[in-house]
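All values below come from the heavy atoms of this structure, side chains included, with hydrogens, waters and symmetry mates left out.
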Amino acid sequence: MPRSPTKPDAKSKLLDAALTLIRAKGYAATTVDDLCRAAGVTKGAFFHHFRSKDELAVAAADHWSQVTGALFAAAPFHEHADPLDRVLGYVALRKELLQGEVPEFTCLVGTMVQETYDAIPAIRDACERSISGHAATLEADIQAVLDSRGLSPDWSARSLALHTQAVLQGAFILAKATGGAAVAADSIDHLYRYLKLLFRPDSGQSLT
């Protein structure tokens, strides 16, 4: 994933370090000392910007949303005229991003929320904002697919957008369990095929 676009200050260095370390080690196993060491800053600098590791985690979730949001906003799939091609292009990009070792392509907020959803509500809520906010970027295209094909299902564009994220997060968990990207790629392929079947123009009936 891209890092901060400008020359980073201590705060940006710590946030970028959090994106890397927490995906590799998990939230609980990542210490303030680890973050300072990876960022090349002092503990004094850490506590100048963040009162606690939990506060940094909330900021890191927002930082993750900004960094990854810029990546997806600039992606070429937005150029497709057909909204279904845009949705499928998004899914195809998610498969293309399965590069490197498992921590390099898995999700920061998905990792953190699994550890903190009950114990640290502020982090849970920050992760939910990130995941739901990303899902929301797909809603307009999904609704445009429905409208362009005259479909009136009993589910919403938002629910399908969130389902794409459920599949992706589950794919990341399987990648962690197996130690590689192959199973995640298979899950994304299934999502791609599902969306094509869901919106196939020859179905002759509204979706249910």
Ignoring hydrogens and angles, state whether a donor on the side chain of Asp9 or Ser12 is under 3.5 Å from an acceptor on the partner side chain.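 On atom types as modelled, these side chains qualify, holding a pair under 3.5 Å.
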Indicate whether any N or O donor in one side chain lies under 3.5 Å from an N or O acceptor in the other, for Asp141 and His78.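 Result is no, nothing qualifies.
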First locate atom [atom1] of [X], then atom [atom2] of [Y], and finally report the distance between them rounded to the nearest 0.5 Å.
X: Leu14; Y: Cys36; atom1: CG; atom2: SG; answer: 6.0 Å
X: Tyr194; Y: Thr164; atom1: OH; atom2: OG1; answer: 11.0 Å
X: Leu15; Y: Asp62; atom1: CG; atom2: CG; answer: 9.5 Å
X: Thr106; Y: Gln169; atom1: OG1; atom2: CD; answer: 9.0 Å
X: Ser187; Y: Arg94; atom1: OG; atom2: CZ; answer: 12.5 Å
X: Leu160; Y: Leu195; atom1: CG; atom2: CG; answer: 6.0 Å

Chi angles and distances behind the side chain to side chain contact (heavy atoms under 4.5 Å, CB included) call for Lys176, Arg23: CA-CA 10 Å; Lys176 292 173 181 177; Arg23 285 188 290 164; over 6 Å; no
Is a side-chain N or O of [X] found less than 3.5 angstrom from the main chain of [Y], in a donor-acceptor match?
X: Tyr27; Y: Gln114; result: no
X: Lys53; Y: Thr30; result: yes
X: Arg86; Y: Ala81; result: yes
X: Ser132; Y: Arg129; result: no
X: Ser65; Y: Ala61; result: yes

Give the cluster check for [X] versus [Y]: same hydrophobic cluster or not, with ILVMFWY residues linked at side-chain heavy-atom distances below 4.5 Å.
X: Leu56; Y: Leu19; answer: no
X: Ile173; Y: Val91; answer: no
X: Ile131; Y: Leu174; answer: no
X: Val32; Y: Leu108; answer: no
X: Val87; Y: Ile188; answer: yes

Within-4.5 Å side-chain heavy-atom neighbours: [X] and [Y]:
X: Lys95; Y: Tyr192; answer: no
X: Met112; Y: Ile120; answer: no
X: Leu84; Y: Lys196; answer: no
X: Val113; Y: Glu128; answer: no

Please walk me through it: do Glu115 and Ile123 pass side chain to side chain contact (heavy atoms under 4.5 Å, CB included)? CA-CA 10 Å; Glu115 292 188 61; Ile123 299 177; over 6 Å; no
Looking only at heavy atoms, what is the nearest atom pair of [X] and [Y], with distance?
X: Glu55; Y: His49; value: OE2-O, 3.7 Å
X: Ala135; Y: Ala161; value: O-CB, 3.3 Å
X: Pro83; Y: Val145; value: C-CG2, 3.5 Å
X: Val58; Y: Ala122; value: CG2-O, 3.7 Å

Trace of the side chain to side chain contact (heavy atoms under 4.5 Å, CB included) decision for Phe72 with Leu97: CA-CA 11 Å; Phe72 287 103; Leu97 292 174; 3.8 Å; yes
Whether [Y] and [X] form a salt bridge (side-chain N of Lys/Arg under 4.0 Å from carboxylate O of Asp/Glu) is what I want to check.
X: Asp82; Y: Arg149; result: yes
X: Asp34; Y: Arg37; result: yes
X: Asp118; Y: Arg124; result: no

Name the residue from Gln143, His163, Glu139 that meets the side-chain hydrogen bond (donor to acceptor under 3.5 Å, both in side chains) definition with Arg158.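 With Arg158 as partner, side-chain hydrogen bond (donor to acceptor under 3.5 Å, both in side chains) holds for just one option, Glu139.
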Does atom [atom1] of [X] have more than 12 heavy-atom neighbours from other groups under 6.0 Å away?
X: Glu101; atom1: CD; value: no
X: Tyr117; atom1: OH; value: no
X: Lys11; atom1: NZ; value: no

Which of parallel (below 30°), tilted (30 to 60°) and perpendicular (above 60°) describes Phe105 and Phe172?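 Answer is tilted, since the angle falls between 30° and 60°.
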Please verify the inter-ring angle class for Tyr90 with Phe77; under 30° counts as parallel, over 60° as perpendicular, anything in between as tilted.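 Answer is perpendicular, since the angle exceeds 60°.
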